[in-house]
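Shown next, in structure tokens, is the structure this report addresses.
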Amino acid sequence: MPARNTSTRLSFRRTGWTTRLRDILLFSIGIYILLGGLLWLSEPGFIYHPSSERVAPREDWIHPVRLNTADGEQLTAWYSEAERGCPTFLFFDGNAGRPEIQSGRWQRLHDQGAGFLAVYYRGYSGSTGEPSEEGLHIDAQAGLSWLLRRDIDPNDIIVHGFSLGSGPAVRLAATNAVGALLLEAPYLSMSQLAREKLPLYPFDLFMRDSFRSDLWIGALDEPLLVVHGSEDRLIPADHGAALVALAPEPSEFVEINGADHATLVRDGFYDEVWSFLARNWTASASPGRSCGVQPVSIARENSALD
């Protein structure tokens, strides 16, 4: 009876095991790359949720306007003029923003005599074009330029970004002189947020629209207020606190207990805003009687006394 060649059989078994392991590994890598590619291709759908419907305001003190961008797009915006000596808020909405669903916000501003220009990005609410990070930055600059052409003093312009809009707001305030910056439920960067939601992928390496507010925030030369809700599950409050830690003074972080991502206006956001502006904002002129926002100082009167 011939002897069994056990060494050959063991070698075959080892070779078969390593082959199967290699195949599993290659299959897993392939699936990982495929899913990463699908994430890259579908990135705009994750970030932007525009409504193309163009709706007219119901209040007679809100006026629809059209803004022209530097690259040829036309944007929808809603404008309400401020009372004398009151600030004008340059507002950038979230990723599913529509002006007609912000009536509570507009009313709170109007009640204090404040004005606003709410810019709706390319692809949103009747604006032309398709949204992208660079496009949104161009849109933000178009909003500021429109206000400046109306002879609104830069000190009286308060840049305000909510959620997605915090990215364009940070970069705009970091590269232009304005009165203050307000961030409502902001993120450190879109790539950081995506990495927290799906930690398997290095979003810093391949995300196209990363909105790196963490890199721009240190260049601010204006007072900063960041307000976040303690129950925000979409963008954790840690992002807002981290932005304030990176920002120069004066900067403040307020966490509203019990508020989530969509309820900050209802839960006291503007109470924090009026208090912050009273401590930090320098107005260009003394407020009129109907202006409920009292600045810490008046720029022109102070300069006349020097």
Side-chain angles (χ1 to χ4, degrees), residues 47 87 89-95 119 121 132-145 147-148 153-197 202-229 232 234-256 261 264 269 272-273 275-277 279-282 295-297 299:
I47 298 177
F89 289 72
L90 178 54
F91 179 70
F92 304 114
D93 213 334
N95 69 345
V119 177
Y121 319 117
S132 67
E133 178 178 1
E134 196 54 39
L136 266 61
H137 291 311
I138 295 172
D139 298 346
Q141 189 67 54
L144 178 60
S145 298
L147 291 175
L148 294 175
D153 193 287
N155 277 342
D156 295 336
I157 298 173
I158 310 299
V159 174
H160 176 188
F162 166 57
S163 192
L164 172 66
S166 65
V170 168
R171 182 165 155 182
L172 185 71
T175 54
N176 294 270
V178 294
L181 173 63
L182 309 178
L183 300 178
E184 182 182 350
Y187 45 83
L188 267 169
S189 70
M190 197 64 73
S191 50
Q192 170 71 21
L193 185 62
R195 193 167 61 248
E196 291 175 4
K197 303 293 185 185
F203 287 97
D204 287 335
L205 299 179
F206 69 83
M207 197 166 184
R208 287 165 288 174
D209 292 3
S210 55
F211 290 98
R212 295 297 303 272
S213 293
D214 55 335
L215 300 182
W216 286 101
I217 198 79
L220 289 180
D221 195 27
E222 300 89 8
L224 167 67
L225 172 65
V226 176
V227 181
H228 230 115
D232 194 328
L234 184 62
I235 304 176
D238 290 350
H239 281 246
L243 278 175
V244 168
L246 294 171
E249 296 292 339
S251 57
E252 299 181 15
F253 175 71
V254 175
E255 185 173 326
I256 298 181
H261 192 75
L264 285 166
F269 172 77
E272 301 296 339
V273 169
S275 177
F276 171 79
L277 293 179
R279 294 190 301 274
N280 296 283
W281 174 50
T282 299
V296 66
S297 60

- Message: Could you walk me through whether Ile47 and Met190 satisfy the side-chain contact (heavy atoms from CB on, under 4.5 Å) test, starting with their C-alpha distance in whole Å, then the side-chain angles of each, then the deciding distance to 0.1 Å, before giving a yes or no?
- Response: CA-CA 9 Å; Ile47 298 177; Met190 197 64 73; 4.2 Å; yes
- Task: Please name all residues satisfying side-chain hydrogen bond (donor to acceptor under 3.5 Å, both in side chains) with Ser213, sequence neighbours left out, ordered by chain then number.
- Result: none
- Taking side-chain hydrogen bond (donor to acceptor under 3.5 Å, both in side chains) as the test, write out the residues that go with Ser275, two or more places apart. Arg279
Which residues pass the side chain to side chain contact (heavy atoms under 4.5 Å, CB included) test with [X], not counting sequence neighbours?
{"X": "Ser145", "result": "Gln141, Arg149"}
{"X": "Ala237", "result": "His228, Phe253, Glu255"}
{"X": "Asn95", "result": "His49, Tyr124, Leu164"}
{"X": "Pro250", "result": "Pro223, Asn280"}

When rounded to the nearest 0.5 angstrom, what is the spacing between [atom1] in [X] and [atom2] in [Y]?
{"X": "Leu182", "Y": "Phe276", "atom1": "CG", "atom2": "CZ", "answer": "6.5 Å"}
{"X": "Ser163", "Y": "Leu193", "atom1": "OG", "atom2": "CG", "answer": "8.5 Å"}
{"X": "Glu134", "Y": "Asp139", "atom1": "CD", "atom2": "CG", "answer": "10.0 Å"}
{"X": "Thr175", "Y": "Asp221", "atom1": "OG1", "atom2": "CG", "answer": "12.0 Å"}
{"X": "Asn176", "Y": "Leu90", "atom1": "CG", "atom2": "CG", "answer": "10.0 Å"}
{"X": "Leu243", "Y": "Leu224", "atom1": "CG", "atom2": "CG", "answer": "8.0 Å"}

Nearest heavy-atom pair of [X] and [Y]: which atoms, and what distance?
{"X": "Trp281", "Y": "Gly179", "result": "CD1-O, 4.2 Å"}
{"X": "Phe162", "Y": "Ala185", "result": "CE1-CB, 4.3 Å"}
{"X": "Val227", "Y": "Ile256", "result": "CG1-CD1, 3.6 Å"}
{"X": "Ala169", "Y": "Leu181", "result": "O-CD1, 3.8 Å"}
{"X": "Leu277", "Y": "Ala180", "result": "CD2-CB, 4.3 Å"}
{"X": "Gly143", "Y": "Val119", "result": "CA-CG2, 3.9 Å"}

Within a strict 4.5 Å, meaning less than it, do heavy atoms of the [X] and [Y] side chains meet?
{"X": "Pro154", "Y": "Leu148", "result": "yes"}
{"X": "Ser132", "Y": "Asp209", "result": "yes"}
{"X": "Val244", "Y": "Leu183", "result": "no"}

Got a sec, which residues hit salt bridge (charged side-chain N to carboxylate O under 4.0 Å, His left out) with [X], two or more places apart in sequence or on another chain?
{"X": "Asp156", "answer": "none"}
{"X": "Glu249", "answer": "none"}
{"X": "Asp232", "answer": "none"}
{"X": "Glu222", "answer": "none"}

- Quick one: side chain to side chain donor-acceptor pair (under 3.5 Å) pairs with a partner in residues 235-248, sequence neighbours left out? Glu196-His239
- So His160 and Phe91, would you call those rings parallel, tilted or perpendicular, with 30° and 60° as cut-offs? perpendicular
- Message: Taking the six-membered ring for Trp, are Phe92 and His137 closer than 6.0 Å centroid to centroid?
- Response: no
- Please test Val159 against Leu144 for side-chain contact (heavy atoms from CB on, under 4.5 Å), starting from the C-alpha separation and ending with a verdict. CA-CA 9 Å; Val159 174; Leu144 178 60; 5.6 Å; no
- Message: Give me each pair satisfying salt bridge (Lys or Arg N to Asp or Glu O under 4.0 Å) with a member in residues 177-192, each pair once, sequence neighbours excluded.
- Response: Arg105-Glu184
